[in-house]
Amino acid sequence: MTTDQETGQVTGTRDKDYDLIWFAEAALSNALRMEQYCHDAERAGDSELSEFFRRAQGESRKGAEQAKQLLAARLARK
């Protein structure tokens, strides 16, 4: 069985719900990674690149927050 055929029978979590949970985790993980990238750019004296990574970090945080809110709302309905 491939993962694109899994509909909750193996994991107990439907694909769309799993996808939302995965997205939240990936966005949070990316925000952490961007912090390191910002520090690397700052150490190298590249403020343009550091600012780029800060903006990317902000977008990751925003996506994670939206996913968390959507997940909380859906869990409250169950």
Side-chain angles (χ1 to χ4, degrees):
M1 174 183 266
T2 61
T3 57
D4 60 322
Q5 295 174 338
E6 210 290 295
T7 58
Q9 294 169 338
V10 174
T11 65
T13 303
R14 293 185 169 272
D15 287 348
K16 66 181 186 64
D17 297 330
Y18 174 87
D19 294 346
L20 180 57
I21 293 166
W22 181 90
F23 178 86
E25 187 279 331
L28 291 168
S29 179
N30 197 54
L32 287 171
R33 185 175 300 112
M34 290 302 107
E35 186 69 20
Q36 182 60 52
Y37 292 175
C38 288
H39 290 303
D40 291 347
E42 289 166 358
R43 271 195 307 279
D46 192 334
S47 59
E48 180 183 29
L49 188 55
S50 177
E51 180 55 35
F52 171 78
F53 288 135
R54 288 279 176 222
R55 287 192 308 272
Q57 184 182 48
E59 292 302 313
S60 290
R61 285 179 178 154
K62 184 169 37 172
E65 190 57 38
Q66 290 172 350
K68 289 188 310 183
Q69 290 172 0
L70 185 56
L71 184 58
R74 287 168 176 253
L75 288 173
R77 291 193 297 243
K78 291 194 182 230

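Atoms considered below: every heavy atom in the structure, side chains included; atoms not considered: hydrogens, waters and symmetry mates.
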Asker: Please lay out, stage by stage, how K68 and E65 fare under the test salt bridge (charged side-chain N to carboxylate O under 4.0 Å, His left out).
Answerer: CA-CA 5 Å; K68 289 188 310 183; E65 190 57 38; 3.3 Å; yes

Asker: If you round to the nearest 0.5 Å, how far is CE of M34 from OG of S29?
Answerer: 9.0 Å

Asker: What's the spacing between E35 CD and D40 CG if we round to 0.5 Å?
Answerer: 10.5 Å

Asker: Please answer: with hydrophobic residues joined when any side-chain heavy atoms are less than 4.5 Å apart, are L28 and F23 in the same cluster?
Answerer: no

Asker: Does any part of the side chain of K16, heavy atoms only, come nearer than 4.5 Å to the side chain of L20, both counted from C-beta?
Answerer: no

Asker: Step by step, work out the salt bridge (charged side-chain N to carboxylate O under 4.0 Å, His left out) result for R54 and E59.
Answerer: CA-CA 9 Å; R54 288 279 176 222; E59 292 302 313; over 6 Å; no

Asker: Please check this pair: side chain of S50 against backbone of D46, looking for a donor-acceptor N/O pair closer than 3.5 Å.
Answerer: no

Asker: Is there a side-chain contact between K62 and Q57, using heavy atoms and a 4.5 Å cut-off?
Answerer: no

Asker: Give, for atom OH of Y37 and atom CG of N30, the distance between the pair rounded to the nearest 0.5 Å.
Answerer: 7.5 Å

Asker: Got a second to check how far F53's CZ is from R55's CZ, nearest 0.5 Å?
Answerer: 10.5 Å

Asker: Determine the minimum heavy-atom distance between A27 and G63, stating which atoms define it.
Answerer: CB-C, 4.4 Å

Asker: With a 6.0 Å cut-off (strictly less than), is the heavy-atom count around CD of Q36, excluding the residue itself, greater than 12?
Answerer: yes

